[in-house]
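Just so it is clear, the values below take in all heavy atoms, side chains as well, and ignore hydrogens, waters and symmetry mates.
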Amino acid sequence: MAAAAIAGNEDLAPNEEGQELRVPLPREWDLTALKSMPVTLYSGKISPPCCKIRFLLEYYEVPYRTVEGKKPDSSYQKIPVLDIGPRQINDSFIIVKSLAPILQGRPLTQDEEDIEREVTFGLMIAGEKSTAGSCRELCSCGILMGGALGCLLRVAACVLCCVGPRKVGQGKSLRSIQEYGDILREHLASGKFLGGGDKPSVLDVSVFGVLQPFVKVQATWVEELLGPNSSDTLFGWFERMEEATSHVDIFKAAE
């Protein structure tokens, strides 16, 4: 009944990529309510935006079901897609922005939203572009992915790394990895976490989640981003996040 009502209400229809929800999620939805609702994530094992959403859900201990691949019978044919009850939310940036008030009790600030946008539409793509040019990293991605597609990626890695960097981010104006690192350092300043305070915020968990597949395959650009050692403020943030999220392993089922 609820799904049928939404289907007949254009304001509650799923958003397109980059499009805000016409009607925000209900204000009465808090973390306790979310944990009692059916949540389904249409995802890919090593897709960075999908890893980001899985990491958020697992950090905040939200029960959810994962379906590999695109959502059937949906006009939106990209991943991730998140279903919460009868509501469908598309685009990892919009998903994070929509979940923030529920997960942490407040929306993203404008500065936090700007950082989330830079990471989603900038750093993440720049990282994918770098990894796409490394035969070793693509092979590691194939191992992490597993299955027939993972095997195919490993076999084709040395060919793909010759063409991948030209295809990934084509037509997009991207900064250097170092520039993205500097943006994060400027936002972090002398604080412990990107969201301020003494514990991770949604922004912290989101950014850290994006990095997870690249960390797992030992992508060289991650070291370039974080700096050489813990004396670097961003490296220190990364170490604190590792400690704060030690209970989360989004790849446990993939190994």
Side-chain angles (χ1 to χ4, degrees), residues 6 9-35 37 39-44 47-62 64 66 71 74-76 78-128 172 180 183-184 186-188 191 193-197 199-212 237 241 245 248 250:
I6 285 179
N9 186 337
E10 290 188 2
D11 287 341
L12 296 179
N15 59 298
E16 296 298 328
E17 185 174 22
Q19 180 185 53
E20 300 283 346
L21 298 182
R22 294 182 182 180
V23 176
L25 299 179
R27 290 185 178 181
E28 60 268 23
W29 286 9
D30 59 12
L31 184 55
T32 300
L34 183 62
K35 289 181 177 181
M37 301 176 70
V39 177
T40 302
L41 176 64
Y42 296 86
S43 177
S47 162
C50 296
C51 290
K52 168 174 70 173
I53 303 306
R54 293 207 310 273
F55 207 90
L56 269 173
L57 294 174
E58 295 199 17
Y59 176 78
Y60 286 98
E61 300 180 340
V62 176
Y64 70 100
T66 300
K71 182 178 179 180
S74 174
S75 60
Y76 186 83
K78 296 184 179 182
I79 52 175
V81 167
L82 186 68
D83 283 353
I84 305 177
R87 296 292 299 269
Q88 176 180 329
I89 314 172
N90 307 321
D91 184 337
S92 70
F93 174 76
I94 301 300
I95 293 172
V96 171
K97 187 176 177 181
S98 300
L99 286 180
I102 298 174
L103 298 177
Q104 67 182 8
R106 65 170 179 83
L108 298 178
T109 66
Q110 186 59 58
D111 284 346
E112 289 173 333
E113 187 176 325
D114 291 344
I115 294 295
E116 177 66 24
R117 183 179 288 106
E118 282 282 0
V119 170
T120 303
F121 301 112
L123 173 62
M124 185 170 66
I125 299 172
E128 289 176 326
K172 295 183 180 294
Y180 287 116
I183 289 171
L184 291 172
E186 182 179 357
H187 182 83
L188 186 62
F193 296 104
L194 293 168
K199 64 181 182 179
S201 67
V202 162
L203 178 62
D204 290 281
V205 179
S206 174
V207 174
F208 194 69
V210 165
L211 296 178
Q212 290 312 292
W237 166 84
M241 286 302 299
T245 63
V248 178
I250 60 172

| task | Output every pair passing salt bridge (Lys or Arg N to Asp or Glu O under 4.0 Å) with a member in residues 91-105, not counting sequence neighbours, ordered by first then second residue. | result |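 Output for this query lists Glu20-Lys97, Lys97-Glu113.
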| request: Using the ring pair (Phe, Tyr, Trp, His ring centres under 6.0 Å) rule, collect all pairs that involve residues 100-128, keeping only residues at least two apart or in two chains. | output: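 Listed once each, the pairs are Phe93-Phe121.
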Listed by chain and number, what are the side chain to side chain contact (heavy atoms under 4.5 Å, CB included) partners of [X], not counting sequence neighbours?
X	result
Leu188	Leu194, Thr233, Trp237
Pro101	Pro107
Lys199	none
Gln88	Pro14, Lys71, Ser74, Tyr76, Val81, Asp83, Asn90

| request: Please list, chain by chain and in numerical order, all residues satisfying ring pair (Phe, Tyr, Trp, His ring centres under 6.0 Å) with Phe55, sequence neighbours excluded. | output: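 Only Phe208 meet the ring pair (Phe, Tyr, Trp, His ring centres under 6.0 Å) criterion with Phe55.
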| request: Using the test ring pair (Phe, Tyr, Trp, His ring centres under 6.0 Å), find all partners of Tyr59 that sit at least two apart in sequence or belong to another chain. | output: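 Tyr59 satisfies ring pair (Phe, Tyr, Trp, His ring centres under 6.0 Å) with His247 once adjacent residues are dropped.
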What residues, two or more places apart in sequence or in another chain, satisfy side-chain hydrogen bond (donor to acceptor under 3.5 Å, both in side chains) together with [X]?
X	value
Glu61	none
Ser43	Arg54
Arg106	Glu112
Lys172	none

| said: Looking only at the side chains, is there a donor atom on one of Tyr64 and Glu58 sitting less than 3.5 Å from an acceptor on the other? | reply: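 A donor-acceptor contact under 3.5 Å links the two side chains.
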| Point-to-point distance, once rounded to the nearest 0.5 Å, from OH of Tyr60 to CD of Gln104 |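 Going from the OH atom of Tyr60 to the CD atom of Gln104 covers 5.5 Å.
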